Amino acid sequence: MRFATWNVNSVKARLPRLLDWLTGTAPDVVCLQETKVAGDAFPEQEVAALGYTTAAYGQGRWNGVALLSKVGLDDVRHGFTGQPGFPDPEARAISAVCGGIRFMSVYVPNGRSPEDPHYSYKLAWLSALRDALIPDLAAGPLVVAGDWNVAPDDADVWDVSVFAGSTHVTVPERDALAAVRGIGLADVPARALKGDHPYTYWDYRAGMFHQNKGMRIDLVYASAGVAAAVTDAYVDRDARKGKGPSDHAPVVVDLSGLPSDHVG
DNA sequence: ATGTCCCTTCACAAGGGA
């Protein structure tokens, strides 16, 4: 099985590139973030023509997550138990069982700045996610993938000194992310296709991509059996090149056979 | 570290968010 996660920064604006990428990469399951469309406005027919079933959870202008699958899409859930709002619920998580694995696509709140109410919202959101994942992990193989808006380590940004006083690198954010892993999820490290840094996001501004001033914030967390079945994982930086890219690159993961924690 | 992109609206320009 091949699966992927990608923050597309508007599925409407990215549709031609998304369809090309699906055709060329041929993942079985895709976790999408920042689709920026209401659920019923997702281009389901276009991806169905490539063999994908869609589950989309959107709210229009902002946020929006979706799952695409060629291997089934069962027990779809929008959001998670205890998910905080800002103040209302936001379309930031969707999960379903595909090919015997529960996949959750997550778009973690940005936080804006450590003094902003959005930052405490981000921490509360991650804490509630951790709690909600415990029963999902007990139920069987699990993949939680998406845009976490946290760089787990100093090496995950091009220059940590630039981020002094900023979100994405603070201790509470990193602790909240570590707490999610702490329930028994493993980080699936993705290799870079070029250079030493598997960054997944580069700001559109100031030629950041071409200077490789990026961040590793799109992460794949997996249950032990899924992690043990990984044969390869890479950041597809080629998808960040050229005209009209998203500011994020996809992360692609290959699995050999069924995960050893497969049940049923 | 602020050089872009995307979305929306008291819409054809400006603001918000990332």
Side-chain angles (χ1 to χ4, degrees), chain A residues 5-21 31-43 46 56-66 84-93 105-126 145-152 154-170 173 176-177 197 199-219 235 237-251:
Chain A
T5 179
W6 194 8
N7 178 324
V8 291
N9 186 17
S10 169
V11 72
K12 282 185 192 168
R14 217 63 57 211
L15 188 59
R17 290 187 69 122
L18 174 63
L19 297 176
D20 284 351
W21 183 83
C31 301
L32 298 176
Q33 303 88 36
E34 281 208 83
T35 55
K36 295 185 176 178
V37 289
D40 58 7
F42 192 97
E46 288 85 344
Y57 177 30
Q59 60 184 77
R61 182 175 187 177
W62 287 312
N63 311 314
V65 284
F86 193 72
D88 298 319
E90 297 183 306
R92 293 182 175 275
S105 176
V106 294
Y107 176 49
V108 176
N110 174 285
R112 299 176 187 166
S113 80
E115 302 77 28
D116 195 291
H118 210 257
Y119 178 84
S120 44
Y121 168 52
K122 179 181 195 174
L123 296 179
W125 200 94
L126 283 166
D147 175 0
W148 295 79
N149 271 317
V150 180
D154 286 356
D156 294 322
V157 297
W158 84 92
D159 181 355
V160 74
S161 69
V162 169
F163 288 83
S166 300
T167 59
H168 293 57
V169 299
T170 68
E173 288 166 280
L177 197 60
H197 306 288
Y199 299 141
T200 65
Y201 163 85
W202 301 260
D203 196 299
Y204 283 124
R205 293 167 288 192
M208 301 292 264
F209 178 66
H210 295 101
Q211 299 171 72
N212 200 22
K213 293 182 174 177
M215 306 170 72
R216 188 177 83 97
I217 56 176
D218 299 84
L219 310 169
V235 181
R237 79 184 288 283
D238 290 347
R240 179 65 176 77
K241 293 178 178 175
K243 184 176 168 59
S246 169
D247 41 3
H248 294 251
V251 177

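Numbers restart at 1 for each chain; the letters A, B, ... are given by sequence-line order, proteins then strands. Since this is a predicted model, take the numbers as computed values, not measurements.
In this structure, the OH atom of A:Tyr201 is 13 Å from the P atom of B:dT4, given to the nearest Å. Whole-Å rounding puts the A:Asn7 CG to B:dC5 P distance at 16 Å. When the C1' atom of B:dA18 is taken as reference, atom CZ of A:Phe163 falls 13 Å away, rounded to whole Å. Atom-to-atom, CD of A:Gln211 to C1' of B:dA1 comes out at 12 Å; the value is rounded to the nearest Å. Separating the OH atom of A:Tyr204 from the C1' atom of B:dA1 is a distance of 18 Å, rounded to the nearest angstrom.
No contact: A:Trp202 has no heavy atom under 4.0 Å from any strand.
Residues passing the side chain to side chain contact (heavy atoms under 4.5 Å, CB included) test with A:Ser120: none are found, sequence neighbours excluded. Applying the ring-ring contact (aromatic ring centres under 6.0 Å, His included) criterion to A:Tyr199, with sequence neighbours excluded, gives A:His197. For A:Glu90, the side chain to side chain contact (heavy atoms under 4.5 Å, CB included) criterion is met by A:Gln59, A:Asn63, A:Phe86, A:Arg92, A:Tyr121, not counting sequence neighbours. In this structure A:Phe209 satisfies the ring-ring contact (aromatic ring centres under 6.0 Å, His included) test together with A:Trp202, sequence neighbours excluded. Not counting sequence neighbours, the partners of A:Ser166 by the side chain to side chain contact (heavy atoms under 4.5 Å, CB included) test are A:Phe163.
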side-chain hydrogen bond (donor to acceptor under 3.5 Å, both in side chains) assessment of A:Gln33 paired with A:Asp147
CA-CA 7 Å; A:Gln33 303 88 36; A:Asp147 175 0; over 6 Å; no

Would you tabulate the pairs of protein nitrogen or oxygen atoms and nucleotide nitrogen or oxygen atoms of nucleotides 12-17 of chain B closer than 3.5 angstrom?
from   : atom 1 : to      : atom 2 : distance (Å)
B:dG15 : N2     : A:Arg61 : NH2    : 2.6

